[in-house]
2 protein chains.
Amino acid sequence: MARHGRLITSPRHGAGRAPTVNDVAEAAAVSRQTVSNVVNSPERVHPQTRARVQAAIDDLGYRPNRMARNLQARASRLVGYRIPGGSSGGNPLLDRFLHALTEAARADGYHLLLFTPDDERDEVDAHADLVATGTVDGFVLSETDYGDSRVSWLSERGVPFVVFGRTNIDVPYSWVDVDGRTGVASAVAHLAARGHRRIAFIGWPEGSATGDRRAEGWVTGLTDAGLGAPDPALCVRGEDGPRTGAEALDHLLRLADPPTAVVTASDLIAIGALAAARTRGVEAGAALGVVGFDDSPVAPHLLPPLTSIRQPLEQVGRTIVGLLTARIAGAAPDPDGVLLTPELVVRQSS
Amino acid sequence: MARHGRLITSPRHGAGRAPTVNDVAEAAAVSRQTVSNVVNSPERVHPQTRARVQAAIDDLGYRPNRMARNLQARASRLVGYRIPGGSSGGNPLLDRFLHALTEAARADGYHLLLFTPDDERDEVDAHADLVATGTVDGFVLSETDYGDSRVSWLSERGVPFVVFGRTNIDVPYSWVDVDGRTGVASAVAHLAARGHRRIAFIGWPEGSATGDRRAEGWVTGLTDAGLGAPDPALCVRGEDGPRTGAEALDHLLRLADPPTAVVTASDLIAIGALAAARTRGVEAGAALGVVGFDDSPVAPHLLPPLTSIRQPLEQVGRTIVGLLTARIAGAAPDPDGVLLTPELVVRQSS
DNA sequence: GCGTACGTTTTGATCGTTCAAATCCGCTCT
DNA sequence: AGAGCGGATTTGAACGATCAAAACGTACGC
């Protein structure tokens, strides 16, 4: 409570207008530049003067105006992020992702600015607008499809940006991604270590880069675990969601030689699989190992609590912001990609 | 594609620096103020001049610099939103809520700025900082507890803000909320109309304002439907999550006179209830009516697809932004609260 | 022909900050 | 005493825009 007082309370000198360098300068009987120096390069100012100015700053509750600073610095210290449209169907990771980005940005003196294209303009225009008006210094992109038009556009114009995920665009750009293949492979390894020999995979339809890599992880994992060539019958794919999980598991359990464990491409699919298992009287965790992907907030609350592959989003956020601020600072090194490893969170379902 | 060209491409006059009013003025052989007028008050400028200036603007790809404008206007056109910490356990509505806010803000010429308090400072300080530095013009608050310190702090200092949800603070402030009581009551009415007579409620622990109001809706709904006094045995409460739903439903179905339908305080609870029903061989939708709350993205993909109470977040966003911009504009009318009505989305589970 | 009015355009000042260069001051050295 | 020096501080200009007021024409009425 007491600490807030320093900041902007006690506006003894008129509650209307925020104090400026000039106000402080006058109060401390120095020039505005000296005030500025006290704030930005205290070592240049005589200790005695510094103390006097600092006292005035504290007294008036002076804080440098951000807009004025930004204008002078020709930078906004804002990073744009296009908030995905509602159509994408609710991303359970958005919460953590945004928090991680915001936190990482704060540590570097940046803030995240959310935007969304208006109906008449397309996506690229929305980005162009923010750059042209100097509203943002760069972008964080996510959910980039194959051939995302934003990547090439931004890249061509030298606008700083970092992508969460990878695309197949062949222009140089920086990206950060989580290695889904390794993640799924580690889940397979975990299940194999628990004695499972027939391990199935329920994933998304072929054609999405992320989905395909997760499916590859199943193959890799089986091979690495020495379980021989993967049985194609144990790989089922469908749209994301519990229904796919339920139907796929039903199908798998009806096989002549059914799996004893299943890895899924998402927690949503796993939820469906858990439900289907219960319906058939198969006890998940004991008779059937189940592993999800993304460690969504529900995972620990499911019955049984769901083992899941957790993306290191905090690290993702820090890495993205690190790359981005480096680019903004003009350090335009060879753009590079960073691949982070997810972590298996083991719970009772496996 | 062609349209992008207008904005900032074709930097014929040096790719380095964005064009300013002065550049345009020089190109069109007029003064900077005339350029400014063409942009902001075209009617003041002679049509012929206007055309010439507009041509220069288009040619150079001029867009007024936002920081400069903001400095002069002493407004940032940014609205702060503190992104909830990870501890809150993943809000399935955040996605839609942020999108709605962003979209509504855009329509009014605002952007959303995300922030989070750093570890050493408390929440109020984080807000104070943004105000003192002129970084934001106002705030949108959510997840305000009873006695949230931010509300009184902001209110005392006349900082514009609007709360999503209600608190019990007795200072005047504007808020927008969704009427959970009416929502649950309408679900009860819906189930009664389908012939259900014994309708249960599974909700959150007593003590949260939102949770209590949803529970009240159950009472109201039963009374309004003429089903007599609610049976206390049919109201079960526990922490949010599928587990609570499963355990509560198990308990309810074991009663001497079990319910034939259940309304829950969240989709997560409903998920658990659906799973428990399956385990006991009760077919949800047919033998047991189930209604969730929030219409989270999973709801339509559950088995059976879940009837749920959907918050009108788009409307919430527009209302919040409307109230907020009015306050920022100085129109400081009597702060008021707006209560919006949720909508029941009927699917197979009921 | 001259004062006035109006429509259009330009000039000056300002928003709050920082950079760059100039000034001031006390001190040493010759 | 005057030049030289270096630390501390101040002044001038700029960032890019807008507001307010002045200036400029041109046309009109008397």
Side-chain angles (χ1 to χ4, degrees), chain A residues 8 13-14 16-54 56-57 60-77 109 131-137, chain B residues 8 13-14 16-54 56-57 60-77 109 131-137:
Chain A
I8 69 165
H13 309 272
R17 201 172 105 280
T20 74
V21 256
N22 287 304
D23 297 325
V24 177
E26 193 177 353
V30 293
S31 72
R32 58 178 195 285
Q33 184 60 36
T34 299
V35 178
S36 175
N37 285 337
V38 169
V39 173
N40 301 303
S41 333
E43 75 283 357
R44 286 197 205 157
V45 181
H46 190 95
Q48 202 166 322
T49 316
R50 194 193 306 159
R52 184 159 38 96
V53 172
Q54 189 61 55
I57 288 177
L60 295 174
Y62 167 76
R63 309 266 3 237
N65 180 293
R66 208 132 196 255
M67 296 303 144
R69 264 196 169 164
N70 289 342
L71 174 60
Q72 144 73 29
R74 256 145 305 191
S76 68
R77 310 230 81 172
V131 174
T133 56
T135 306
V136 303
D137 294 341
Chain B
I8 69 162
H13 309 271
R17 197 173 107 281
T20 73
V21 257
N22 288 303
D23 297 325
V24 177
E26 194 177 353
V30 293
S31 71
R32 59 178 196 285
Q33 184 59 37
T34 299
V35 177
S36 176
N37 285 337
V38 169
V39 174
N40 299 303
S41 334
E43 75 284 356
R44 284 197 206 157
V45 182
H46 190 94
Q48 203 166 323
T49 318
R50 193 194 308 159
R52 185 156 40 97
V53 172
Q54 190 60 54
I57 289 177
L60 295 173
Y62 166 76
R63 308 265 6 236
N65 181 294
R66 208 132 194 262
M67 296 302 143
R69 266 196 166 163
N70 289 343
L71 174 59
Q72 146 73 29
R74 260 145 299 192
S76 67
R77 310 231 81 175
V131 174
T133 57
T135 305
V136 303
D137 294 341

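No experiment lies behind these values; they were computed from the predicted model shown. Heavy atoms only: backbone and side chains are in, while hydrogens, waters and symmetry mates are out.
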Problem - Note, A:N70 side chain near B:N70 side chain (heavy atom, < 4.5 Å) - result: no
Practice task
First locate atom CD1 of A:I57, then atom CZ of A:R63, and finally report the distance between them rounded to the nearest 0.5 Å.
Solution key: 10.0 Å
For a quick test of your reading: what N or O donor-acceptor pairs under 3.5 Å do the side chains of residues 27-35 of chain A make, sequence neighbours left out?
residue, atom, partner, partner atom, Å
A:S31, OG, A:T34, OG1, 3.3
A:Q33, NE2, A:N37, OD1, 3.3

Exercise for the section: Starting from the first five and the last five pairs of the helix from C:dG1-D:dC30 to C:dT30-D:dA1, work out the angle between the resulting helix axes, to 10 degrees. Expected result: 80°
Problem - Residues which pass side-chain hydrogen bond (donor to acceptor under 3.5 Å, both in side chains) with B:R69, listed by chain and number, not counting sequence neighbours - result: B:N40
Handout entry: Partner set under side-chain hydrogen bond (donor to acceptor under 3.5 Å, both in side chains) for B:T49, not counting sequence neighbours
Key = none
Exercise for the section: Could you check if a side-chain atom of B:V45 sits within less than 4.5 angstrom of a side-chain atom of B:V53, using non-hydrogen atoms only? Expected result: no
Exercise for the section: Kindly write out the residues that satisfy side-chain hydrogen bond (donor to acceptor under 3.5 Å, both in side chains) with A:N65, not counting sequence neighbours, or none if the list is empty. Expected result: none
Fill in the blank from the handout: For residues 20-29 of chain A, the salt bridge (Lys or Arg N to Asp or Glu O under 4.0 Å) pairs (sequence neighbours left out) are A:R17-A:D23
Fill in the blank from the handout: Across all chains, not counting sequence neighbours, the side-chain hydrogen bond (donor to acceptor under 3.5 Å, both in side chains) partners of B:D137 are B:S76
Exercise for the section: Would you list the pairs meeting salt bridge (Lys or Arg N to Asp or Glu O under 4.0 Å) in which at least one residue belongs to residues 35-51 of chain B, sequence neighbours left out? Expected result: none
Fill in the blank from the handout: Min and max contacting nt of DNA chain C in 5' to 3' order, chain B heavy atoms within under 4.0 angstrom, are C:dT8 to C:dG16
Handout entry: Main-chain N/O of B:Q72 paired to B:R74 side chain as donor or acceptor, under 3.5 Å
Key = yes
Problem - DNA chain D: 5'-most and 3'-most nucleotides touching chain B, 4.0 angstrom heavy-atom criterion - result: D:dG16 to D:dA20
Problem - Interface with DNA chain D, restricted to residues 29-38 of chain A and to heavy atoms under 4.0 Å - result: A:V30, A:S31, A:R32, A:Q33, A:T34
Completion exercise
Note: contacts of residues 40-51 of chain A with DNA chain C (heavy atom, under 4.0 Å) are A:N40
Fill in the blank from the handout: What one should report as the nearest heavy-atom pair of A:V39 and A:Y62 is CG2-CE2, 4.2 Å
